[in-house]
Amino acid sequence: MTDTLTIPRPDDWHLHLRDGDMLKGVVAHTAEHFARAIIMPNLVPPVVTGADAAAYRDRILAALPASMTFEPLMTLYLTEATEADDVAQAHASGLVKAVKLYPAGATTNSQSGVSNFDNVQGVLERMAEIGLPLCVHGEVTDADIDIFDREAVFIDRVLDPLRKRVPGLRVVMEHVTTADAVAYVQTDTSGNLAATITTHHLIINRNHILAGGIRPHYYCLPVAKREKHRLALRAAACAGDERFFLGTDSAPHTDAAKLLPCGCAGIFTAPNTMSCLAHVFEEDGALARLEGFASRNGPAFYRLPVNSEEMRLTRQSEPVRYPELVETGAGNVTVFDPGFDLFWRVGP
Ligand code: NCD
Ligand code: ZN
C-alpha cells in the first residue's frame, strides 16, 4: 500500500477568511497547508472595489503569523454598481484574480448581489476582454424553486444564457453539488468553463444533514444533495479532468451562530481538508490524481504557476488527530467531521 505522497503545495480556489478576530483565528489553518487561496469577498460590507480588496489583503497579511507564507488571491464582489474600469485596474495591478457573482439573497451576506443581469453586462464584457474569471455562486433564489433544485435551475435559466450573452467570459462554477453541474462542465467545448468542488461535498449527502436528527454543522450552501450527486462529484474530481479543482469553501461561523433556530450556512474544513481528500482519492483508487485536483488544475485555469514547494502526505496506522474545534477571538468554530477516521496526515 502506498503510504506517502508528495505533491506540489496545494491551493484553495474558494475560501472564506472573514475579518477581525475570526480572520485572526482561522487564517493559519489554511496557510499551514495551502500556498494561495481565492478569498471570497462576502464580508459585511462586501469587498466591492479595488481599494476594498487592497485593504482586505493587508488585513489578511497582518493576521498571518510571521513564520508563515501565504498569498491571498483577492476577488471583488460584483454588484450592479461595479465599475468596469475599477475592475480592470485592480486586475492589471495584479491584486485581483477573479470577480464573484452572488445572485442577490443566495447565501450568507449576499444581499448586495445581482438581481438584474443587464446592469452588469458591461463589466462582464470587459472581464471577457481581459480574461478575468467570474466565480459564480450558481443557485437561483426564487422562493418557489425547491432548494435542492436551485443549482440545476440556475444553469438553465441564468448561467447558460449569461455565457451566451458574453462570449469568451471565463467562468468558474463554484462549489458544484449536482450531476447536472458536472455534466454542464464536462460537455462544454469553449475552454472557458471550470468548476470547484469542496471537500465536504465529496463526503456528505443530504442524509448526513437530516437523517436521525438535524446536524447544523453539515449545513452549507449549496446544500448537499442526494447520494447520486455526491457520486458524480467524486467521479469528476477523481477522473483527472483538468476542469475540476479544489475550492474548499471552508466557511467558518461560530458555533453560537450555527446552533440557532435559524443557523448560518457554512462548513469549516480548513484544518483537515488535505487528510479528507487523500482518504477520498485513495478510496476511489485515484491517489495519483489528487495532485491534479489540489495542486495543478487550479493554477492552470487561473493562468498562474504551480507552486514550487512540495507537500508530503503520510498514511499512518493510527487515526490522525485534529482538533474538534478551533478557538477564535470571535468564538469557537467546529471543524468538519467526515464521519470516519482519517489516516493521512500532512507531513513526513
Ligand atoms: C458561505 C459563507 O458562510 O460565507 N456559506 C456556505 O454555506 N458555503 C457562503 C457561500 O459560499 O455560499
Ligand atoms: Zn463560499
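Whatever order the structure lists them in is the order used to number ligands and atoms, beginning at 1. All heavy atoms count here, side chains included; hydrogens, waters and symmetry mates do not.
In summary, an N, O or S atom of His14 is located under 2.8 Å from the Zn ion (ligand 2).
Using a 30° and 60° split on the angle between ring planes, Tyr302 and Phe245 fall in the perpendicular class, above 60°. The aromatic rings of Phe281 and Phe293 are tilted relative to each other, their planes meeting at an angle between 30° and 60°.
Heavy-atom neighbours of Arg165 CZ from other residues, nucleotides or ligands within 6.0 Å: above the threshold of 12.
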Identify each donor-acceptor pair in which a side-chain atom of residues 255-271 lies under 3.5 Å from a protein atom, sequence neighbours left out, and give them as a table.
unit_1 : atom_1 : unit_2 : atom_2 : d
Asp255 : OD1    : Thr334 : N      : 3.1
Asp255 : OD1    : Thr334 : OG1    : 2.8
Asp255 : OD2    : Thr334 : OG1    : 2.9
Lys258 : NZ     : Pro216 : O      : 3.0
Lys258 : NZ     : Tyr219 : O      : 2.9
Lys258 : NZ     : Cys264 : O      : 3.0
Lys258 : NZ     : Gly266 : O      : 2.7
Thr269 : OG1    : Thr273 : OG1    : 3.3

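Between Arg296 and Glu291, at least one side-chain N (NZ, or NE/NH1/NH2) sits under 4.0 Å from a carboxylate O, which counts as a salt bridge. Ion pairing between a basic and an acidic side chain is recognised when a charged N comes within 4.0 Å of a carboxylate O; Asp11 and Arg36 show such pairing. Of the charged side-chain nitrogens involved, at least one lies within less than 4.0 Å of a carboxylate oxygen, so that Asp85 and Arg126 count as a salt-bridged pair.
Restricting Asp249 to its N, O or S atoms, the one at the least distance from the Zn ion (ligand 2) is OD1. When the N, O or S atoms of His16 are ranked by distance to the Zn ion (ligand 2), NE2 comes first.
Within 4.0 Å of ligand 1, protein heavy atoms belong to His14, His16, Arg18, Asn42, Thr107, Thr108, His137, His175, Cys220, Leu221, Asp249, Ala251, His253, Ala265, Gly266, listed by chain and number.
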